[in-house]
Q: 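Dropping the structure in here first, questions after.
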Amino acid sequence: MASAVVSFPLNKGKSIPAIGLGSVLLDGDQSQVVNAVLHAIKVGYRHFDTATLYGTEGALGEALAEAFKNGLVRREEVFITSKLWSSDHEPEDVLSAVKKSLSLLQIDYIDLYLIHWPLRFKKGSAMPPKEDEYLPVDIKATWQALEKCVEEGLIHAIGVSNFTVEKLTSLLDHAKIVPSVNQVERHPVWQQKKLKPFCDAKGIHVSGWSPIGAPGAIYGTQIVVSNPVIQSIADKHCKTAAQVALRWGVQTGASVLPKSFNSKRIAENFDIFSWELSDDDITQLSKIEQHRAFPVKEFCSPKGPYKNIEELWDGDI
Ligand SMILES: NC(=O)C1=CN([C@@H]2O[C@H](COP(=O)(O)OP(=O)(O)OC[C@H]3O[C@@H](n4cnc5c(N)ncnc54)[C@H](OP(=O)(O)O)[C@@H]3O)[C@@H](O)[C@H]2O)C=CC1
Ligand SMILES: O=C[C@H](O)[C@@H](O)[C@@H](O)[C@H](O)C(=O)O
């Protein structure tokens, strides 16, 4: 068994384990999710990241039910993150979306529920949405509906995903509950040098998606695993570039959410707690030229709230 998993305290609810298993599923075979989650629990993972969008809440729920039944782990020992999809932002849709997630996950509370994107789409919209499927965003109303779900005990902590400093600032102006987490793209090639210090100052924990640049995904990139600075640090520590990227994420105070449905890589990605990067390694990594691997221009539209990636990310690109 690998070393115990480290956690970061949140401003509400339980601590968030520093590593969580991602669960984007591109081809439809749900059994690989069930197997991956059960294997990950045995390796030591205690955090699982899913979303309504991914269609993997049911498979995660099935794996958790089996793990609880077999005594592999107890409910209070795992941390489950899921996300509200953009077509469920209407306040009256939020409660039923949360209840649907709970039912698929087969649990009676969700540790962390995030607004997946600062975007609102019509019901049944395509992915990415067509031009006439965008609706005006009203984060305040959606957030208030989520705050109610916290009051009712259905969710223990709430947060956002893909929010910039500007979008968080406007949410903070009227939020009763300060978001616990902002889940964003984060790895050594996009370190979130503007957003991370802002979130730290506001007590908002940052979780990094695509923490190794999604090297194996159809939409993915090799920009992290083939970066020469990362690779040379990996060689020095006898680790892989993926492990250096993940260790960097955790060592700089953010949780990381690597997705793998492959047993060997699930274990490889977890092996980041019994060694550390030196201050000089961190300095070298801080000098890597920065750019987003995933600017997500699919969500920019002349009819949407963001016409281009500058507007989506408020110039932080
Ligand atoms: N909030 C948001 O908007 C977003 C959230 N996310 C969340 O973050 C998670 C992680 O992001 P994701 O985009 O999946 O990208 P990751 O950086 O986690 O990379 C995952 C891909 O890389 C492969 N891989 C995993 N480990 C290794 C390794 N050690 N060496 C080489 N290849 C590896 C995986 O294939 P294999 O399975 O074969 O190992 C998979 O194809 C998602 O699954 C999701 O849960 C992601 C994007 C956006
Ligand atoms: O086209 C847009 C992208 O697929 C985007 O929707 C995903 O990256 C998503 O945020 C995720 O969580 O995986």
Side-chain angles (χ1 to χ4, degrees), residues 19-27 29 32-33 35-37 39-40 43 45 47-57 59-60 80-87 112-119 121 125-130 133 159-163 181-190 206-226 230-231 234 239-249 254-272 292-301 304 306 309 312-313:
I19 186 164
L21 187 76
S23 71
V24 162
L25 177 67
L26 296 175
D27 66 50
D29 182 5
Q32 45 181 327
V33 183
N35 294 336
V37 170
H39 180 70
V43 167
Y45 287 72
H47 177 189
F48 298 91
D49 181 77
T50 184
T52 304
L53 175 72
Y54 307 159
T56 51
E57 288 174 307
L60 173 56
I80 309 302
T81 299
S82 193
K83 313 183 193 95
L84 182 77
W85 187 235
S86 298
S87 50
L112 175 66
Y113 209 68
L114 308 176
I115 296 183
H116 202 148
W117 281 93
L119 281 160
F121 308 147
S125 291
M127 235 322 258
K130 302 192 192 95
E133 291 177 327
V160 294
S161 176
N162 301 305
F163 274 50
V181 168
N182 187 15
Q183 187 185 117
V184 291
E185 177 185 349
R186 187 172 191 264
H187 45 69
V189 185
W190 183 246
V206 171
S207 271
W209 59 251
S210 297
I212 49 182
I218 303 171
Y219 61 84
T221 74
Q222 304 297 317
I223 62 163
V224 173
V225 291
S226 69
I230 302 174
Q231 190 56 59
K239 297 288 171 194
T240 64
Q243 289 171 319
V244 168
L246 295 171
R247 177 69 213 179
W248 170 85
S255 47
V256 288
L257 304 168
K259 173 265 169 186
S260 182
F261 296 157
N262 169 283
S263 335
K264 193 175 143 280
R265 288 188 285 278
I266 288 172
E268 174 187 329
N269 295 343
F270 194 79
D271 179 16
I272 55 167
R292 288 179 189 271
F294 305 103
V296 196
K297 55 181 182 311
E298 295 84 348
F299 288 160
C300 301
S301 156
Y306 316 115
I309 56 169
L312 177 62
W313 302 116

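Predicted, not measured: the structure shown is a model, and the values here were computed from it. For ligands, and for the atoms within them, numbers begin at 1 and follow the listed sequence.
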Q: For residues Phe299 and Tyr306, establish whether the separation of their ring centroids is below 6.0 Å.
A: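 Not under 6.0 Å, so no.
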Q: I'd like to check the salt bridge (charged side-chain N to carboxylate O under 4.0 Å, His left out) partners of Lys83; sequence neighbours left out, ordered by chain and number.
A: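 For Lys83 the salt bridge (charged side-chain N to carboxylate O under 4.0 Å, His left out) partners, ignoring immediate neighbours, are Asp49.
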Q: What are the two closest non-hydrogen atoms of Met127 and Trp85, and how far apart are they?
A: SD-CZ2, 3.7 Å
Q: Could you pull out every protein residue that has a heavy atom closer than 4.0 Å to ligand 1, ordered by chain and then number?
A: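 Answer by chain and number: Gly22, Ser23, Val24, Asp49, Tyr54, Lys83, His116, Trp117, Ser161, Asn162, Gln183, Trp209, Ser210, Pro211, Ile212, Gly213, Ala214, Pro215, Gly216, Ala217, Tyr219, Ala242, Leu257, Pro258, Lys259, Ser260, Phe261, Asn262, Arg265, Glu268, Asn269.
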Q: Is it the case that the side chains of Ser87 and Ser125 hold a donor-acceptor pair, with the cut-off being a distance below 3.5 Å and no angle test?
A: no
Q: Using a distance-only test with no angle check, is there a side-chain donor-acceptor pair under 3.5 angstrom linking His47 and Thr81?
A: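 Looking only at side-chain atoms, Thr81 and His47 do form a donor-acceptor pair, the distance falling under 3.5 Å.
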Q: Can you list every pair where an N/O of ligand 2 is under 3.5 Å from an N/O on the protein?
A:
residue  : atom   : partner : partner atom : Å
ligand 2 : 10 (O) : His116  : NE2          : 3.2
ligand 2 : 10 (O) : Trp117  : NE1          : 2.8
ligand 2 : 12 (O) : Tyr54   : OH           : 2.5
ligand 2 : 12 (O) : His116  : NE2          : 2.7

Q: Any side-chain donor-acceptor pair under 3.5 Å between Asp27 and Gln32?
A: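 Result is yes, a qualifying pair exists.
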Q: Quick one: pull up CD in Gln243 and CZ in Phe270 and give me the separation to the nearest 0.5 Å.
A: 12.0 Å
Q: For the atom pair CG (Asn162) and CG (Asn182), what is the distance rounded to the nearest 0.5 Å?
A: 7.5 Å
Q: Ignoring hydrogens and angles, write down the donor-acceptor pairs under 3.5 Å from the side chains of residues 213-221, residues two or more places apart or on other chains.
A:
residue : atom : partner : partner atom : Å
Thr221  : OG1  : Gly213  : O            : 3.2
Thr221  : OG1  : Ile223  : N            : 3.4

